[in-house]
**Student:** 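Here it is, the structure, as structure tokens.
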Amino acid sequence: MTLRIEKLVYGGDGLARSDGRVVLTPYVLPGELIEAELRHAKSDLMRGTVVDVLEASASRVDPACPYFGRCGGCHYQHTTHEQQVEQKALILREALRRVGRLEFEGEITTVSGEPWHYRNRTQLHFDKGKMGYFAAGSHAVVSVDHCPISSPKLNDAIGRLARDLPHYRGFEATVELFTNETDMQVHILDRVPHSVRPLFEELGTSEPLEYGGFRVSCGSFFQVNRHLVDRLVEMALADSSGGSAVDLYAGVGLFTVGLASRFGNVAAVESGSSAFRDLEWNMQRAGLAVTAVKKTAEEYLPSLDAAPDLIVADPPRSGLGRVVISELLRLRAPGVTIVSCDPATLARDLGALVGGGYRIKGMTLVDLFPQTYHLETVVHLSL
């Protein structure tokens, strides 16, 4: 089947149409003419596999990684980084319109950094003698000996594991590595035979890691792009200041530290046990008079009788949700900043907040995940 690709959509696929049906195909670019094999997915949706690129985009490049197209980790290595960022901004704007029913006419500013060797964290899967990443759309492990989007320290570890793995009997496990480029944190997520543990113990420790002035324990969330952590904080806090602020989904305190230098009274809300312990530790060590609250956002917000000057929220991929949105509209804080990793749930939440009286002051796309379809968005709202 010959298809003309109309646009990229969130998830990494290109969208085309055939006989009134939508066809989603990975590893293509807008405007390209391709020959594809089609298979039925659901209802009037088809899935395509590229057989040949008949007319290539001027932005198409050769992928830098030999595993691209087999490993499911990256989606955009076949185009330039500039084109990736441009397409992500278009995808974000379409999500606002389609999901949030928002015709945002303002500028979406973009922030990007080094597109390779940026990840400070990686998750490796071990399956009976193989080590690597899951193939796209499956749990089949694609063996690797390096990863171009992972940091140099992580690549040293990946190479070492690939070299030493044949000396160990086959086992199944998932292991997460996190590094500050000096030390390595090793988090074994499954039970492994005692005989296998030396393979990981030589790499690093399961103890908390010091990263940019923060203690980060196994199981605590921290941003993965080592080049853009400071820029993300800068974009989120912008020129904010005032008497009081609340940091929802605070994690280990990445945004809390900056808020504490700009606001007289700051509450940091985090429900995860590991992250909350790190949050308390980081605030105490920094000598900051921050009120750390171990609750979910849904539990905490109803306890507030008066609105703070600013609420910062960095929710999980599922977004804020109805309860938090309802409480934000009840409190009506003068400023709300959302840091989102999913454009669809962001658009849903923004639609509700704008419908409830907020307006979008500014929006920034921070490209924390080059070579992939994922994107981070910072949105500043005011009443």
Side-chain angles (χ1 to χ4, degrees), residues 1-41 44-99 107-119 133-138 142 147-149 225 341-344 347 364-377:
M1 175 68 69
T2 301
L3 299 171
R4 178 73 69 178
I5 305 302
E6 296 179 14
K7 59 185 177 181
L8 296 185
V9 298
Y10 188 65
D13 294 324
L15 184 147
R17 301 178 196 274
S18 175
D19 297 327
R21 296 174 300 179
V22 170
V23 182
L24 298 180
T25 306
Y27 314 124
V28 296
L29 295 172
E32 290 190 327
L33 186 69
I34 65 167
E35 188 71 25
E37 292 181 350
L38 304 188
R39 67 183 189 278
H40 185 262
D44 59 350
L45 175 66
M46 304 291 289
R47 289 282 179 184
T49 301
V50 176
V51 174
D52 191 18
V53 179
L54 304 177
E55 294 179 13
S57 166
S59 297
R60 180 172 281 272
V61 299
D62 293 329
C65 178
Y67 309 114
F68 181 68
R70 292 185 292 133
C71 165
C74 288
H75 318 93
Y76 290 158
Q77 285 194 26
H78 59 298
T79 190
T80 65
H81 185 220
E82 292 75 16
Q83 172 78 339
Q84 292 177 33
V85 176
E86 179 181 321
Q87 289 299 312
K88 288 180 181 182
L90 292 174
I91 289 168
L92 173 58
R93 197 178 290 278
E94 180 176 351
L96 295 175
R97 182 172 56 251
R98 181 175 55 84
V99 180
E107 179 186 7
I108 298 178
T109 58
T110 59
V111 173
S112 59
E114 169 57 46
W116 302 104
H117 302 297
Y118 63 85
R119 288 191 65 95
Y133 303 110
F134 286 146
S138 84
V142 176
C147 172
I149 66 172
N225 191 313
C341 61
D342 187 290
T364 302
L365 188 160
V366 185
D367 190 31
L368 292 185
F369 316 98
Q371 318 308 331
T372 82
Y373 69 78
H374 301 289
L375 59 97
E376 196 89 355
T377 311

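Numbers here are sequence positions counted from 1.
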**Student:** Is there a side-chain contact between Tyr27 and Pro63, using heavy atoms and a 4.5 Å cut-off?
**Tutor:** no
**Student:** Which residue, Tyr67, Phe68, Phe369, forms the side chain to side chain contact (heavy atoms under 4.5 Å, CB included) with Cys74?
**Tutor:** Phe68
**Student:** Is there a side-chain contact between Leu29 and Gln87 in this structure, where contact means two heavy atoms from C-beta onward sitting under 4.5 Å apart?
**Tutor:** no
**Student:** Heavy atoms only: give me the nearest Leu54-Thr2 pair and the separation to one decimal.
**Tutor:** CD1-CG2, 4.1 Å
**Student:** Over all heavy atoms of both residues, which pair between Val23 and Gly48 is shortest? Give the atoms and the distance, please.
**Tutor:** CG1-N, 4.1 Å
**Student:** Please check if the side chain of His78 supplies one atom and the backbone of Val28 the other of a donor-acceptor pair under 3.5 Å.
**Tutor:** yes
**Student:** Restricting to non-hydrogen atoms, name the atom on Val85 and the atom on Ser112 that form the minimum distance, rounded to 0.1 Å.
**Tutor:** CG2-CB, 4.3 Å
**Student:** Roughly how far apart are Leu365 CG and Ile108 CD1, rounded to 0.5 Å?
**Tutor:** 7.0 Å
**Student:** Closest approach of Pro370 and Asn225, non-hydrogen atoms and distance?
**Tutor:** CD-ND2, 4.0 Å
**Student:** State which residues pass side chain to side chain contact (heavy atoms under 4.5 Å, CB included) with Glu86; sequence neighbours excluded, sorted by chain then number.
**Tutor:** Gln83
**Student:** So do the side chains of Val22 and Leu15 get within less than 4.5 Å of each other, counting heavy atoms only?
**Tutor:** yes
**Student:** Are Glu37 and Met1 packed together at the side-chain level, in the sense that at least one heavy-atom pair is separated by less than 4.5 angstrom?
**Tutor:** no
**Student:** Which residue, Gln84, His374, Lys88, forms the side-chain hydrogen bond (donor to acceptor under 3.5 Å, both in side chains) with Asp367?
**Tutor:** Lys88
**Student:** Taking the six-membered ring for Trp, are the ring centroids of Tyr373 and Tyr76 within less than 6.0 Å of each other?
**Tutor:** no
**Student:** Are Thr80 and Ser59 linked by a side-chain donor-acceptor pair shorter than 3.5 Å?
**Tutor:** no
**Student:** Which pair of heavy atoms, one from Trp116 and one from Ala64, lies closest together, and at what distance?
**Tutor:** CH2-CB, 3.5 Å
**Student:** About how many Å separate OG1 of Thr25 and CD1 of Ile34, when rounded to the nearest 0.5 Å?
**Tutor:** 4.5 Å
**Student:** Output the distance between atom CZ (Arg47) and atom CG (Asp13), rounded to the nearest 0.5 Å.
**Tutor:** 5.0 Å
**Student:** Rounded to the nearest 0.5 Å, what separation is found between the CG atom of Leu38 and the CG atom of Asp19?
**Tutor:** 9.5 Å
**Student:** Closest approach of Cys341 and Glu376, non-hydrogen atoms and distance?
**Tutor:** CB-OE1, 3.4 Å
**Student:** Does Gln371 reach the main-chain N or O of Pro115 with its side chain, forming a donor-acceptor pair under 3.5 Å?
**Tutor:** yes
**Student:** Suppose the criterion is salt bridge (charged side-chain N to carboxylate O under 4.0 Å, His left out): which pairs have a residue in residues 49-74, not counting sequence neighbours?
**Tutor:** Arg4-Glu55, Glu32-Arg60
**Student:** Tell me, do Leu3 and Ser18 make a side-chain contact under 4.5 Å, heavy atoms counted?
**Tutor:** yes
**Student:** Measure the spacing between OG1 of Thr372 and CD of Gln77 and express it to the nearest 0.5 Å.
**Tutor:** 10.5 Å
**Student:** How long is the span from the CZ atom in Arg93 to the CD atom in Glu107, to the nearest 0.5 Å?
**Tutor:** 8.5 Å
